[in-house]
Number of protein chains: 2
Amino acid sequence: MKKVSLADISKELGVSKTLVSFVMNGKAEEMRISEEMTEKVLLKAKEMGYKANYLAKALRTGKSNTIGLIVADISNTFFAKLARSIEDEAIKYGYNVIFGSSDEDSKKSTKLIDVFLDKKVDGLIICPSKGDENYIKKLQKAKIPNVMVDRYFSNIEGNIVVVNNKEGAFQIVEGQIKKRYKRIGCVNFNVGLIQMDYRLEGYKAALVANEIEYDDQLVKNVSFENIEEKAEKAVKELLENDVEVIFFTNNHLAFLGLKLIKEHNRKNKRQVSICSFDSYAFMDLLEVPIVYGVQPISLLGKNAVDLIVKQIDSDTLVNEKRVLPIDILEIK
Amino acid sequence: MKKVSLADISKELGVSKTLVSFVMNGKAEEMRISEEMTEKVLLKAKEMGYKANYLAKALRTGKSNTIGLIVADISNTFFAKLARSIEDEAIKYGYNVIFGSSDEDSKKSTKLIDVFLDKKVDGLIICPSKGDENYIKKLQKAKIPNVMVDRYFSNIEGNIVVVNNKEGAFQIVEGQIKKRYKRIGCVNFNVGLIQMDYRLEGYKAALVANEIEYDDQLVKNVSFENIEEKAEKAVKELLENDVEVIFFTNNHLAFLGLKLIKEHNRKNKRQVSICSFDSYAFMDLLEVPIVYGVQPISLLGKNAVDLIVKQIDSDTLVNEKRVLPIDILEIK
DNA sequence: CATTTTAGCTAAATCGTTTAAGTAGCAAGG
DNA sequence: CCTTGCTACTTAAACGATTTAGCTAAAATG
């Protein structure tokens, strides 16, 4: 509210700014300031309502105590929850979070990275879009602490926090196979993101491991534009192709497919099941039997922050990849 | 990536920092820098990859081009969407957004306000919690641009962006009355937030306006702690009390009540309808007839940012209250 | 008693900008 | 020829902290 500076306090007490600075930073002892003086300063500071000016501090020390978070879309539940867990974890270490949404657009995300760097964030947590590789490489060269979350690139190293996409998908699909299903369709979100590729791989691996022949016809790729129409089309084709189960590689696709499948199940005797990687909270309510993977979102955030803080504190870029297991839940 | 300063450029060209600063800020003409020189500077700046240091700039000018956003919980869809729209709008004006979640806890939110002020945000967009009044008054006294969104306090003035809670609730409930329903229950989120009070008022007003006697027994208040159990209890009591419709004052309560009502409707001949203020996207899928209010979230965000920017630019605190109408949607 | 050490503090540079105030040189006005 | 005014710049002081190097007086050392 006011704007009391170190200088104000020092003038008031007739001492130097240096002394006040030392005291305020807890370096009184180290700098051999007498206890008497230390107390006087602390008292005065409180009395005058002194608050250090972050900007000045940051300018001088090069530490802003802010981390930048770049997600695909903060209004998406997954990223919103991730943001929350990052916020909570960051605050524990004394950091605040500045965020931006990239809409899976590399231009936007690199722009955001630039802006955040200009704002001198201490580190960046990024859910990278297709095409961000080079920019992330630049960050690494410039020794700017960074972590990729949820996605990464197979052609570059880095700090990575992801879930076990392949194994998770494998487990989900194998679970269906154990129920004696053989014709398992797949609707895949095909936007060049590595985690989706891995989920598809997991699907394939589950088939192979259980000696079911892989059928191209049963895998439908859906891209970002007109996702709704495309998803509907994919599901319809699969239903016509007599699938017993459909595996969706993300929650949004599952959501889009659900309606059609409910309709199908109401009209037909032959019931189609659903499984998906990730879900929405409400799916429990839908009275559709569904098996889905649950991502440990809050652990993703926690690990991301830990990795960032580790890098900031140690002043080195580690190269750590953390893979967290998903849970598998069944609604009957 | 690098760290080229004004001084570096000025040395390189043998001119003063001031000149370079003028050019970089587009004040060349105004400050009568020759075109020749202007071009030379711009070229050199590009060549050296100059980027202004935000911190230094902010320290000097007192403008950080950052706005602080305080919501109850960023992981909640409503706030996540709000955050997104604020982000998008802010970026148009050249601002970034730093956020924090208060969990409806005044201590947390005032703490966040303090931290954000220390970080010298140019303005604050706040979804205030119960008890934040005094702090907001302080902001106003200190002339710090601020806007309250989604909630406000009747005992203080300020800049406010909200939806028409009372009228909206009125319309929703009256819609039910027009369908010849008479026993209309209400489950209210009772946490001392003004918008909830207004929604309840709207409910009551709709009854009165349509000559239905208000019955205390049909209104259940649910608070924050153990919300799930409490909501269930409330719904059960209402069902036992032979209501025909239940009006939920927010989406989360509706969500919690849905399951029970679906069950009730399956078991009983007498069907109970649902209406609610606000919804979740998936409710369309539930095959429960429901009427709900749709908040113009993105307009809320847009207006909030506009109000903040207006204050920042004009250097005065306006006192503007913007009330946006909700839409009403019916799922059959 | 001269010298070194230490306790307790201060001066001044620095981070990278912005900006108020000034200056040198030249043209125009009276 | 002196003043005024303009052009195209520069100087230096901020902004509010941190931090290096140093200073003084008293205490310890030989």
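Each chain gets a letter, A, B and so on, in the order its sequence line appears, and its residues count up from 1.
- We find that NZ of B/K63 is positioned 15 Å from C1' of C/dT17, with the value rounded to whole Å.
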In a table with atom names and distances, give each donor-acceptor pair under 3.5 Å that connects a side chain of residues 29-41 of chain B to protein atoms at least two apart or in another chain.
from  : atom 1 : to    : atom 2 : distance (Å)
B/S34 : OG     : B/M37 : N      : 3.2
B/T38 : OG1    : B/S34 : O      : 2.8

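- The salt bridge (Lys or Arg N to Asp or Glu O under 4.0 Å) analysis of residues 148-158 of chain A, with sequence neighbours excluded, yields the pairs A/E104-A/R151.
- The list of ring pair (Phe, Tyr, Trp, His ring centres under 6.0 Å) pairs with a residue in residues 69-113 of chain A, not counting sequence neighbours, reads A/F99-B/F99.
- A/K27 comes within contact range of the sugar-phosphate backbone alone, with a heavy-atom separation under 4.0 Å but no base atom that close.
- Of all nucleotides in DNA chain D, those with any atom nearer than 4.0 Å to a heavy atom of chain A start and finish, going 5' to 3', at D/dG16 to D/dT20.
- B/N159 contributes a side-chain N or O that, together with a main-chain N or O of B/E320, makes up a donor-acceptor pair within less than 3.5 Å.
- Place A/L59 and B/K57 on DNA chain C by their nearest nucleotides, and A/L59 ends up nearer the 5' end.
- Under the side chain to side chain donor-acceptor pair (under 3.5 Å) criterion, B/K81 pairs with no residue at all, not counting sequence neighbours.
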Show every donor-acceptor pair shorter than 3.5 Å between a side-chain atom in residues 52-61 of chain A and any protein atom, with sequence neighbours excluded, or say none if there are none.
from  : atom 1 : to    : atom 2 : distance (Å)
A/N53 : OD1    : A/L55 : N      : 2.7
A/N53 : OD1    : A/A56 : N      : 3.1
A/T61 : OG1    : A/K57 : O      : 2.7
A/T61 : OG1    : A/K63 : N      : 3.2

Taking distance alone, no hydrogens or angles, what donor-acceptor pairs closer than 3.5 Å link side-chain atoms of residues 127-134 of chain B to residues at least two apart or in another chain?
from   : atom 1 : to     : atom 2 : distance (Å)
B/S129 : OG     : B/S102 : OG     : 3.3
B/D132 : OD1    : B/S106 : OG     : 2.6
B/D132 : OD1    : B/S109 : OG     : 2.9
B/D132 : OD2    : B/S109 : OG     : 2.7
B/D132 : OD2    : B/S129 : N      : 2.9
B/E133 : OE1    : B/G131 : N      : 3.2

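- Counting any heavy atom pair closer than 4.0 Å across all strands shown, B/Y54 reaches no nucleic acid atom.
- For the salt bridge (Lys or Arg N to Asp or Glu O under 4.0 Å) condition, the pairs that include at least one residue of residues 85-103 of chain A, sequence neighbours left out, are A/R84-A/E87, A/R84-A/D88, A/E89-A/K92, A/E89-A/K302, A/D103-A/K108, A/D103-B/R84.
- Near-neighbour residues of DNA chain C inside residues 8-26 of chain B, defined by a heavy atom below 4.0 Å, number-ordered: B/K17, B/T18, B/S21, B/F22, B/N25.
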